[in-house]
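See below for the structure under consideration.
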2 protein chains.
Amino acid sequence: MAESGHTPQVVEELTISLGDRIANGEIPLGGWIRQAKVAAEHNVSRTPVSLALNRLEAIGVLERVPNRGFRVRVPSYREIMEVVEVRELLEGRAVALAAERITEAQLRRLRDSVAELRELVRMIRDGGDPEAAAAQWQRSYGSFHRTIFEAAGNSQLQGISDALYRKVPRGITWRALQNDPRMLTRIADECEHIAAAIDNRDAISAQELTVAHIEAVRDFTLAHLPSPD
Amino acid sequence: MAESGHTPQVVEELTISLGDRIANGEIPLGGWIRQAKVAAEHNVSRTPVSLALNRLEAIGVLERVPNRGFRVRVPSYREIMEVVEVRELLEGRAVALAAERITEAQLRRLRDSVAELRELVRMIRDGGDPEAAAAQWQRSYGSFHRTIFEAAGNSQLQGISDALYRKVPRGITWRALQNDPRMLTRIADECEHIAAAIDNRDAISAQELTVAHIEAVRDFTLAHLPSPD
DNA sequence: CTGAAGTTGATTGCATGCAATTTATCGAGA
DNA sequence: TCTCGATAAATTGCATGCAATCAACTTCAG
């Protein structure tokens, strides 16, 4: 019943909650977000919701139409190209730095992520729950990349990469990947090769493999895009 | 007297206004921002001010302390290093792309920016108005970089670069540069060389010169930082 | 049946109000 | 004088209220 008092600091929670729901596709691309609805779901007033939505617009996740509200931005074909181009640059550098600085614990997490991707291939082949598969994809592939940026030791690189993933969510790739165990297997293979290059402290190979990997995933994703506007 | 009605869409205006005042140092690094004060200055209520401040925090310009408000983030030594490292990567790529794609009009603007930097050197030598010099610096050096990103034709590159410049404003460099016409002359020289390489469509040289330039400015800036925490 | 004009309902954009929290002020005791 | 504690002032965080706006629907002329 929302004690009339305060202190909860609810804006951050709303921002994260909405951001997650957008990232995993629960709120679809292009979907409108109604302040009153979100407010009711979280038992708060519209004020903190409005604050959270403004934050999400500021980082490029939402689009605001004056007097109409906010909706989830739909990245254009061109925007996806550009974002991936930048990610290639950033991850290429990150993986090279990671090859020089990675710790044993981080290497284990990298290998665990690859193992989880293999597990995911089995899940798909066995016709497992699509919901669970999507969640597993987000976790595993996300963890793989996050670990690399963490190992690179440049938090700006990490932050920018996160921002780009919010703009062009991994869910877009997943929709293309969902019914294609072959491509998923290839992704797992390439991740394993990248991890191996990092393990060998071979910065050059790691960078080349990463750039090639990102381009391959990009081309695959773009080829399976709903409407090639 | 602020018609009791609506439609003004004042949040965006506030965000830009505050962002500018922070970028040009009118609101100092570490300075607190009082919602009631800003609201009074703009003849609006605290609500849109709060929205604007949340936006600025979301993009890393402000820092929020719960129940205490927002203050301008003071980038740490390490953060400056990291931001510059990423800028080096982005601008290196941008300048290489620009060398392949730049238009004649953009080249003219690039050369104009260099000429304005030379003009600025004279202003400093002649003991001109520091305010005007600072503004000129922002315009000229900012225009130089913006033109390069524009010529590169990747708006994500541009957007990320802008975000990084809001995090570590050019004003920090200017404070170090203000009393050093020699370094400023060197900057103008290097910008001229970069522009010449672009003009020659020499992507490799342009990139190398840019990386070297950014590192030189970084080292100079860091060496003149107020408190080397 | 089509299209312009008026009406209703949903929704945003901002103002205002109030409790919670923090900071500043001030006085008493060591 | 310095410190501790209580009280007052400043400030945030959120709730609520209402006018402005837009979409959808209705109505009516042609």
Side-chain angles (χ1 to χ4, degrees), chain A residues 1-19 21-22 26-74, chain B residues 1-19 21-22 26-74:
Chain A
M1 225 66 71
E3 295 282 329
S4 86
H6 306 237
T7 328
Q9 242 64 277
V10 86
V11 175
E12 187 181 350
E13 182 193 318
L14 282 170
T15 308
I16 294 174
S17 164
L18 287 169
R21 289 168 64 187
I22 293 165
E26 181 185 332
I27 304 176
L29 294 182
W32 289 96
I33 299 186
R34 294 296 151 213
Q35 300 186 0
K37 189 153 172 273
V38 177
E41 286 168 358
H42 289 259
N43 285 310
V44 294
S45 80
R46 279 179 40 227
T47 306
V49 176
S50 181
L51 290 164
L53 295 180
N54 267 272
R55 299 182 68 109
L56 290 170
E57 192 209 352
I59 62 176
V61 172
L62 298 180
E63 166 190 24
R64 176 173 170 277
V65 182
N67 291 312
R68 299 252 313 120
F70 297 87
R71 66 180 156 195
V72 182
R73 267 181 60 108
V74 183
Chain B
M1 222 76 71
E3 296 285 328
S4 85
H6 305 237
T7 328
Q9 244 63 278
V10 85
V11 175
E12 187 181 350
E13 183 193 317
L14 283 170
T15 307
I16 294 174
S17 164
L18 287 169
R21 290 169 64 188
I22 292 165
E26 182 186 332
I27 304 176
L29 294 182
W32 288 96
I33 300 186
R34 295 295 150 215
Q35 301 186 0
K37 188 152 172 274
V38 177
E41 286 168 359
H42 289 258
N43 285 311
V44 294
S45 80
R46 279 177 42 226
T47 305
V49 176
S50 181
L51 290 164
L53 295 180
N54 267 272
R55 299 181 68 108
L56 290 170
E57 193 211 351
I59 62 175
V61 172
L62 299 180
E63 165 190 25
R64 176 173 171 276
V65 183
N67 290 312
R68 298 248 311 117
F70 296 86
R71 66 180 155 195
V72 183
R73 267 181 59 107
V74 184

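Chain identifiers are assigned alphabetically (A, B, ...) following the order of the sequence lines, protein sequences preceding nucleic acid strands; residue numbering begins at 1 within each chain.
A heavy-atom distance below 4.0 Å to DNA chain D is reached by these residues of residues 29-38 of chain B, ordered by number: I33(B), R34(B), Q35(B).
To the nearest 0.5 Å, the span separating CG on L14(B) from CD on E41(B) amounts to 10.0 Å. Here the CG-CZ distance, from L29(A) to R73(A), works out to 10.5 Å after rounding to the nearest 0.5 Å. If you take CD on E26(B) and CG on L18(B), they are separated by 9.5 Å, rounding to the nearest 0.5 Å. One finds the NE2 atom of H42(A) at 10.0 Å from the NZ atom of K37(A) (value rounded to the nearest 0.5 Å). The CG atom of L56(B) sits 7.0 Å away from the CD1 atom of I33(B) when rounded to the nearest 0.5 Å.
Atoms CD (E63(A)) and P (dT12(C)) sit 15 Å apart, rounded to a whole Å. For Q9(A) and dT22(C), the CD to C1' distance is 12 Å, given to the nearest whole Å. In this structure, the CD atom of E12(B) is 12 Å from the P atom of dG13(C), given to the nearest Å. The separation between E13(A) atom CD and dC14(D) atom C1' is 14 Å, rounded to whole Å. As rounded to whole Å, 9 Å separates atom P of dC14(D) from atom CG of N54(B). Rounded to an integer number of Å, the gap from R64(A) CZ to dT21(D) P is 13 Å. Atom P of nucleotide dG13(D) and atom CZ of R55(A) are separated by 11 Å, given to the nearest angstrom. Spacing between atom CG of L53(A) and atom C1' of dC14(D) amounts to 15 Å, rounded to whole angstrom units.
For F70(A) against W32(A), the heavy-atom pair with the smallest separation is O-CE3, 3.4 Å.
A residue-by-residue look at G69(B) and T47(A) shows that G69(B) has its nearest nucleotide of DNA chain D further toward the 5' end.
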Would you tabulate the pairs of protein nitrogen or oxygen atoms and nucleotide nitrogen or oxygen atoms of nucleotides 22-24 of chain D closer than 3.5 angstrom?
{"from": "dA23(D)", "atom 1": "OP1", "to": "R68(A)", "atom 2": "NE", "distance (Å)": "3.4"}

Counting only pairs under 3.5 Å, give me each side-chain donor-acceptor contact of residues 45-53 of chain A, with atom names and distances, residues two or more places apart or in other chains.
{"from": "S45(A)", "atom 1": "OG", "to": "T47(A)", "atom 2": "N", "distance (Å)": "3.2"}
{"from": "R46(A)", "atom 1": "NE", "to": "Q35(A)", "atom 2": "OE1", "distance (Å)": "3.3"}
{"from": "R46(A)", "atom 1": "NH2", "to": "Q35(A)", "atom 2": "OE1", "distance (Å)": "3.4"}

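Between dC14(D), dG17(D), dT16(C), one nucleotide has an atom nearer to the side chain of R46(A) than all others, and that is dG17(D). Between dG13(C), dA15(D), dG17(C), one nucleotide has an atom nearer to the side chain of S45(A) than all others, and that is dA15(D).
Tested against E13(B), the residues V11(B), T15(B), V10(B), I16(B) include a single side chain to side chain contact (heavy atoms under 4.5 Å, CB included) partner, V10(B).
For dT12(C), its base never sits under 3.5 Å from the side chain of S50(A) at any donor and acceptor pair.
Surrounding CD of E57(B) are more than 12 heavy atoms belonging to other residues, nucleotides or ligands, all under 6.0 Å away.
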